[in-house]
Amino acid sequence: MGAFFQLCIFSAGLLALTSAQSALPRALGSVPLPAAAFVEAYVDQGDETSFIGERYTLYVSTFNPINPTPDAKYMLRGLGTNFTGVANWELQVIDRTAQWPNNPDQIPFEVFNTSAIIWTSGFLVPPKTHGRLEIYDARTNPPTGPFNIAALDRNNDWSYHRVLWKDIDGDGDLDALTARFYKPILGATKKQLVWLENPGLPIDITPILTGWVQHIIHEDGPDVHFRNIKLTSGGQEYDCIVAAEFFNERLMLYYSLNGKWTDWDQVRTIPLDTTVGQTFDLYVYDFNKDGKDDILISAYNHTRGHVFAYEIPENFISGQFVKHTLADEFIANTIIGGQAMTPGSPKPFYPTKAYEEETLPGGGKRKPYILLSGDDDGRHYILEPVSDDPTDWTYNKHILVDTERTTVGKFAVGDFDGDGYTDIVCAGYTSGTLYAFTYAPE
Ligand SMILES: *[C@@H]1O[C@H](CO)[C@@H](O)[C@H](O)[C@H]1NC(C)=O
Ligand SMILES: *[C@@H]1O[C@H](CO)[C@@H](O)[C@H](O)[C@H]1NC(C)=O
Ligand SMILES: *[C@@H]1O[C@H](CO)[C@@H](O)[C@H](O)[C@H]1NC(C)=O
Ligand SMILES: [Ca+2]
Ligand SMILES: [Ca+2]
Ligand SMILES: [Ca+2]
Ligand SMILES: [Ca+2]
C-alpha cells in the first residue's frame with residue numbers, strides 16, 4: 001500500500017516534469033551573414049489567406065563602421081516555409097542606400113493601405129552619421145522604394161532609431177513621430193522629438209527631394225527610443241510619451257494636458273529615473289501579469305548593465321513608480337576607439353501558444369519570458385520568470401547564445417511557421433552569423 005502510494009507520487013512528479021516548460025529553445029543551426037545587426041520579422045499585411053510561413057519576411061540590417069559606402073539591407077521571404085533549414089537560407093540584398101541602417105519597423109496598414117516598412121538609419125560614427133527614414137511597399141518583390149521621408153535633412157546629420165505612427169495634427173492621417181540626435185563637431189549633442197507631416201498620398205508618390213514637412217516638438221529630451229501610452233490620473237486619461245534618453249542618461253515621462261503634442265506649453269514632465277546611466281531601449285507590457293502595464297528598460301551605467309522594470313501606479317501623476325531589478329551584472333567588451341555598452345533591446349514573448357493561453361489555478365495568467373540582446377557583451381539572453389506570482393520580480397538569466405565575439409545585434413521572435421511553438425532568429429554582429437532556435441520538440 002505504502003509502496004503503491006509512493007509510486008503514484010513518483011509518477012505524478014514525472015508528469016509534472018514532462019509538462020514543465022523548458023526555458024531555452026532548441027538550436028536549429030546558423031547561417032553566415034557578415035555584420036548582421038538589427039533583425040525583425042513581419043507578416044505581410046493585407047493577405048490573410050496564404051500559409052503564415054509564406055507571409056513572414058525576415059529583414060536584416062548590416063553596417064560597416066569604416067567603409068564610407070552605404071550599407072546593405074537584407075531580407076528572406078517565406079521565413080516560415082523551411083525554418084529548420086536555416087543552414088540553407090538564402091538572404092537577398094534589398095539595396096545599399098543608407099548609412100548604418102538601424103531597426104526596420106512595420107508601418108500600420110492604414111497609413112498607406114499596403115504592407116509597408118520604415119527603415120531608420122544613421123549613427124554617431126563618421127562617415128555613417130547621415131540617417132534617413134526610408135519607407136518601402138513590402139507587398140512587392142523586391143520591395144518598392146526606398147522613399148526617404150526625411151529628405152529635408154540637408155545640413156544636419158540626424159540619426160534615427162524609431163518611428164511611431166500618430167495623427168499629430170488631427171487631420172485624420174497618421175504622421176511619423178520620431179526622435180533623433182546629431183553630434184556637431186563642436187558643442188553638445190543635439191536631440192529632438194519631431195513629427196513629419198503625412199501628405200496623405202499613396203506610398204510611391206512621396207516627394208523625392210523634400211520628403212515630408214518636419215516639425216520640431218521638443219529639443220534636448222528624447223533621442224533614441226520612446227513609446228506612446230495612455231495613462232490615468234484622477235479618473236482622467238492622458239496621452240504620454242515615455243522616453244529612454246540615452247544622452248541625458250535618464251528615463252522620462254512626458255504627458256500632455258490637452259493631448260496636443262504641438263503645444264509644448266501644455267506638456268508636463270515626470271523624471272522617472274535619473275540614476276540608471278545610458279538608457280538603451282524600453283518596452284511597455286504587463287510583465288508581472290497583475291493586469292497593469294509596466295515599463296521595462298535596459299541601461300548601462302558605464303561599468304555594468306541592468307534590466308529594470310517600473311510598475312505604473314494607479315495615478316501616474318501622484319503615485320509611486322516602484323522599481324525592480326530583473327537582471328544585472330552585464331559587462332561590456334572593450335571596443336577599440338569606440339564606446340561599448342550592454343545590454344541592448346528587450347522583448348517579452350511566450351515559448352508556446354498553449355503556455356500563453358494557460359489559465360493558472362487562481363485564475364491568473366502566465367508571465368512572459370524576456371528575450372534580451374546583450375549588445376556589446378556578445379551574447380543573447382532569455383530571462384525566465386522564477387514564478388507566476390505578480391509580487392515576485394526575480395528572473396533566471398539564461399544565455400541563449402554566446403558568440404564569443406565582441407558584439408551581437410538584435411533578434412526576431414514569433415511563431416514563424418504557425419505550429420504553436422515560438423521561433424527565434426538572433427544576430428551575431430562580430431561573428432557575422434544568424435542563429436535560429438525553436439521551442440518545438442524534435
Ligand atoms: C529545408 O531545408 C533542409 C535543410 O537545409 C533541406 O534539406 C530541405 O530540402 C528543405 N526543404 C524544403 C521543402 O525546401
Ligand atoms: C486607405 O483606405 C481608406 C478606406 O478605404 C481611405 O479612407 C484612405 O483614404 C486610404 N488611404 C490611403 C493613403 O490611400
Ligand atoms: C553601476 O552598477 C554597479 C552594479 O550594480 C554598481 O556597483 C556601480 O556602483 C554602478 N556605477 C555607477 C557609476 O553608478
Ligand atoms: Ca495627420
Ligand atoms: Ca496630413
Ligand atoms: Ca504589471
Ligand atoms: Ca514555430
Side-chain angles (χ1 to χ4, degrees), residues 21-22 24-33 41-43 50-58 76-91 227 229-232 242 272 282-297 307-316 319-326 346 348-357 360 362-371 383 385 387-395 411-426 433-442:
Q21 180 56 53
S22 92
L24 288 173
R26 183 162 63 88
L28 295 172
S30 63
V31 66
L33 188 70
Y42 298 117
V43 182
S50 61
F51 168 52
I52 191 86
E54 199 71 65
R55 291 167 52 210
Y56 261 110
T57 302
L58 183 74
L76 177 67
R77 294 285 193 197
L79 175 63
T81 51
N82 196 359
F83 190 74
T84 54
V86 49
N88 289 350
W89 290 357
E90 286 175 18
L91 282 93
R227 305 277 180 184
I229 49 171
K230 295 239 190 294
L231 296 177
T232 55
V242 188
L272 294 184
L282 77 167
Y283 208 100
V284 178
Y285 190 82
D286 182 9
F287 287 92
N288 68 335
K289 285 286 152 190
D290 66 348
K292 290 174 285 185
D293 275 344
D294 316 294
I295 301 165
L296 191 83
I297 67 164
V307 177
F308 299 116
Y310 304 81
E311 293 184 72
I312 301 172
E314 212 62 60
N315 182 329
F316 80 96
Q320 195 71 31
F321 285 73
V322 179
K323 179 180 178 181
H324 304 276
T325 303
L326 274 53
F349 74 97
Y350 286 91
T352 70
K353 196 170 190 321
Y355 191 81
E356 177 173 8
E357 290 173 350
L360 298 167
K365 302 301 273 186
R366 293 282 194 187
K367 289 186 200 168
Y369 289 30
I370 300 164
L371 196 51
L383 306 182
S387 81
D388 287 301
D389 175 359
T391 64
D392 180 3
W393 287 86
T394 49
Y395 284 75
F411 48 75
V413 56
D415 183 7
F416 304 134
D417 55 5
D419 65 355
Y421 297 97
T422 300
D423 311 302
I424 296 169
V425 180
C426 51
T433 303
L434 293 178
Y435 307 86
F437 299 86
T438 185
Y439 280 93
E442 204 145 4

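Order of listing sets the numbers, starting from 1, for every ligand and every atom in it.
- Nearest approach of Ala412 to Ala41, heavy atoms of both residues: CB-N, 3.7 Å.
- Here the protein heavy atom with the shortest distance to atom 7 (O) of ligand 1 is Asn88 ND2, 4.5 Å.
- Nearest heavy atoms, Asp415 versus Tyr421: OD1-O, 2.9 Å.
- Sorting the N, O or S atoms of Asp419 by how far they are from the Ca ion (ligand 7) puts OD1 first.
- Geometry at the Ca ion (ligand 6): O/Lys292 and OD1/Asn288 form an angle of 160°, nearest 10 degrees.
- The aromatic rings of Phe416 and Tyr56 lie perpendicular to each other, with more than 60° between the two planes, well past the 30° mark.
- Taking every heavy atom of Gly85 and a limit of under 4.0 angstrom, the matching atoms of ligand 1 come to 2 (O), 4 (C), 5 (O).
- The shortest contact between atom 12 (C) of ligand 1 and any protein heavy atom is with Asn82 ND2, 3.1 Å.
- Within the model, atoms CG of Leu33 and CG of Leu76 stand 10.5 Å from one another, a figure rounded to the nearest 0.5 Å.
- Remark: at the Ca ion (ligand 6), atom OD1 from Asp290 and atom OD1 from Asp286 enclose 80°, rounded to the nearest 10 degrees.
- No option in Ile297, Val242, Val322 other than Ile297 meets the side chain to side chain contact (heavy atoms under 4.5 Å, CB included) test with Tyr310.
- More than 12 heavy-atom neighbours from other residues, nucleotides or ligands sit within 6.0 angstrom of NZ on Lys230.
- Using bins of under 30°, 30° to 60° and over 60° for the plane-to-plane angle, the ring pair Phe349/Tyr369 lands in the perpendicular bin.
- When you scan the N, O or S atoms of Asp423 for the one nearest the Ca ion (ligand 7), you land on OD2.
- Counting protein heavy atoms under 4.0 angstrom from atom 14 (O) of ligand 1 gives one or more.
- The N, O or S atom of Asp415 with the smallest distance to the Ca ion (ligand 7) is OD1.
- Because the distance cut-off is set at 3.0 Å, Thr438 fails to qualify as a neighbour of the Ca ion (ligand 7), as none of its N, O or S atoms comes that close.
- For the pair Lys367 and Asp388, the tightest heavy-atom approach, listed with the atom from each and the gap, is N-OD1, 2.8 Å.
- Minimum-distance N/O/S atom of Asp417 relative to the Ca ion (ligand 7): OD1.
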